[in-house]
Amino acid sequence: MSTSAPPAETSASVWTKEDQKASRKANAKLHRKEYGWAAAFMAAPVIGWVVFLLFPMAFSIYASFTNWNGIGNMTFIGLDNYTRLLQDQYFWQALYNTVFYMIGIPIGLALSLLLALALSRKIRGRTFFRTVYYIPVISSLAAIAILWQWAYNGDFGLVNQALALIGIDGPNWLADPMWAKPAIIIMTVWKGLGYSMLLYLAAVQAVPRSLYEAAALDGANSWKRFTKITWPMVRPVTFFLVVTNIIGGSMIFTEINIMTSTGGPSFSTASLVWYVWNQAFRNLSMGYATAMALVLGILVLIVTAIQFRMNARNDFSID
Amino acid sequence: MSLNSNTATVASGALAHAGEPDRTTDDNPAPKLKRGLFRKSGATQESPVVNFILTIILSLGAVVMAAPLVWMVSTSLKTKDAVYSLPPQWIPDPFVWDTYVRVFDDTYVLSGIKNSLIVAVTVTVVGTVFSSLAAFALAKMRLPGKNVIFIMLLSGMMVPFPTLMIPQFVLFSKLGWVDTLLPLIVPVILGNVIMIFFLRQYLHNVPDSLVEAAKIDGASYWKIFWTMIFPLIRPAVAAQFILWFMFVWNDYLAPIIYLNSPEKQTLQVVIANMNVQYATQRDYPLIMGASVISVIPILIVFLVFQRQIIESIALTGSKT
């Protein structure tokens, strides 16, 4: 920032613009050492931001207008990648699949709120339950995906064996285009339940008890107390979880790649990120993949922008 | 890329006030007399019958949650054939402990653990120092335009890694770093925006006068940071550190892009590849054994630091 500034007199009987400027310069000199240290302390993340975010971003935008296999020359082809994308039925299928997976979000949130409500009561073994429900969250996704792939096996899998107990003859989940997506949704709900449960639990327990007592005095039944007190009070958490789940869900990859390494039966499980990865690193169609990755980035950006907008009230301030 | 790692743990001030999850309904205890008055309303009293029913439902749910993981452990201890037995064996007969010897002898699990540790430890330890220094500077030091820098860094959280992976891959292949651990370390080690954000909010609760006083006493900024600020923010750092470590340990997309040679792969990639390779040999006990091994370290970390992890998740971003 400002480096060498001449010392300035700031006798401020008449406080003109020049005086202000001079005073700022004097300040700059006074704090020069502090500026230097502050800049040094921030340097690493800022360098990281420029080299690994800004620069790749700019490069991506350029590469998306080229025909490029990642090794050879880049040929500028204008908007061809984007028009190809619009006509690529696999792209639309992958986008559709990615959005379809989000059915799991409301299911997971409803279940985890119920869990949180139950666990906010004085129930024996609460810590134990919390731990059991949370363990899938911390388990590595790769291991979990392998586990569930085996659990979904049509003949020997755990899921169909459990279903057989109640007389249901389960499908061969991951090999059946109709059941492959629901199978992945079930797994993601199972995996994420503990996380949202924990956030809800914190929110539910932060609701002042006096509100419930007052409502009870007014004769509100428990359903009323839930809809008029609990639900509005945990709304920020719901909102936060919806948004982060949408962003996280839009990047679903590991489950797809491990459980259905070919994109599933008739491309029924391939997600957007899986398709981008496949085009870039298997087909070496890097230019096209970059264009799709940018579209993904823009979609995520829109969701994030909506979040910041709608959540402005609860949001952090930078001061 | 650090700038957008573990999106799932970023909260943008969603929780107005998240209490310690262990609080029971006893906080703000009403006076005895009042309690009696409220008994009929049921507002402060819980029905034991309802709690009993809930306990049963929760137990059933817990069985569903735990069953796949128990199944994983059980399968890893079976013979190859017992895996396919119908009805299923929940308790292996006979127990085959030998699988765990084979996992270490015949596969790349051991080198996978080593590589994962190298990446996760270097990234999180060094990255934590960089992140806390930046948070300190952003929260407590003077620098024109520092808020712009902060917003700039925050903007990185909005760019998902898949959007950046192709140009980053090209960059690292030009540097000749593909098939080394460097692409997994270098971009991430420079600091984690989520951690910076969280620590910066945390530091806002520390009075400026403390720093000013130390400055007047002639302490250098480096000294102020190490002897004063860092000890103050240590609980927050610890919580974020664990979350970040778990994230790096479990990462899969970046490692499969960069690592080709089996002996250079991280644990997650090793077991994913085993899944492909050994499935054709129907060696499910081996695959499950490796999966168990990949889960155990994190599980131990979680059980030891359960309290801190839960608190930090509940509190992430809540200091507004």
Side-chain angles (χ1 to χ4, degrees), chain A residues 1 31 34-35 37-38 41-42 44-45 48-49 52-53 56 59-60 118 121-123 129 132-133 138-143 146-147 151 156 158 161 198 201-202 205-206 209 212-213 216 236-237 240 244 247-248 251 253-254 258 273 276 280 286 289-290 293 297 300-301 304 314-316 318, chain B residues 1 3 7-8 11-14 17-19 21 23-25 28 41 43 46 51 54-55 58 62 65-66 68 71-72 84 88 130 133-134 137 141-144 147 153 156 158-160 162-164 166-168 187 190-191 221 250 252-253 268 271-272 275 291 294-295 298 302 313-314 320:
Chain A
M1 301 282 113
H31 298 305
E34 181 163 355
Y35 292 170
W37 279 99
F41 286 173
M42 292 176 202
W49 189 85
F52 300 108
L53 190 111
F59 183 82
S60 263
R121 299 167 69 102
K122 274 193 268 180
I123 278 177
F129 285 129
V132 171
Y133 286 95
I138 52 154
S139 307
S140 86
L141 191 51
I146 292 170
L147 169 65
F156 305 98
L158 185 59
Q161 283 167 11
L198 218 54
L201 197 55
Q205 289 181 333
R209 299 220 62 82
Y212 292 116
E213 285 165 8
V237 174
F240 167 71
T244 49
I247 293 174
M251 288 185 258
F253 171 79
T254 309
I258 289 179
V273 173
V276 169
M286 295 251 180
T290 311
V300 171
L301 191 72
T304 319
N314 306 307
D315 227 335
F316 62 91
I318 57 158
Chain B
M1 169 97 225
L3 300 170
T7 325
S12 48
H17 164 236
R23 273 200 292 165
T24 61
T25 43
N28 315 332
S41 72
E46 288 177 359
N51 276 1
L54 282 176
T55 310
L58 285 169
M65 295 306 283
W71 186 247
M72 173 162 87
Y84 296 95
F130 282 145
L133 276 172
M141 289 173 76
R142 290 190 189 86
L143 182 68
N147 286 340
L153 291 175
M158 294 177 200
V159 185
T163 303
L164 298 167
I166 297 167
Q168 281 194 15
L190 295 169
Y221 289 100
N250 290 333
Y252 175 73
L253 178 55
Q268 310 305 331
I271 60 164
N275 186 40
S291 300
S294 83
V295 172
I298 294 295
F302 173 71
I313 289 170
T320 52

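Letters A, B, ... mirror the listed sequences (proteins, then strands); counts begin at 1.
The minimum heavy-atom distance linking A:V273 with A:M251 is given by the pair CG2-CA, 3.6 Å. Nearest approach of B:L190 to B:F130, heavy atoms of both residues: O-CB, 3.7 Å. Nearest heavy-atom pair, A:A280 versus B:I166, reported as atom, atom and distance to 0.1 Å: CB-CD1, 3.7 Å.
Residues B:P162 and B:L253 have side chains in contact (heavy-atom distance under 4.5 Å, counting atoms from C-beta outward).
Contacts with chain A were tallied for B:M141, B:M72, B:Q268, B:R142; B:R142 has the most, counting heavy-atom pairs under 4.5 Å. Heavy-atom pairs under 4.5 Å with chain B peak, among A:I138, A:V276, A:V132, at A:I138. Each of B:A134, B:A66, B:S294 has some count of heavy-atom pairs under 4.5 Å with chain A, and the biggest count is that of B:A134. Between chain B and the options A:S140, A:S139, A:A142, A:A289, heavy-atom pairs under 4.5 Å are most frequent for A:S140. When B:V295, B:L58, B:N250 are compared by the number of non-hydrogen pairs under 4.5 Å with chain A, B:L58 comes out ahead. Per-residue heavy-atom pair counts under 4.5 Å with chain B were compared for A:V300, A:L158, A:L301, and the maximum is reached by A:L158.
For A:A151, no part lies near chain B; criterion is any non-hydrogen pair under 4.5 Å. Residue A:Y133 touches chain B through both its backbone and its side chain, counting heavy-atom pairs closer than 4.5 Å.
Checked by atom type and distance alone, the side chain of B:N51 pairs as donor or acceptor with a backbone atom of A:K122 at under 3.5 Å. Although no hydrogens or angles enter the test, the distance criterion places no donor-acceptor pair under 3.5 Å between the side chain of A:E34 and the main chain of B:L143.
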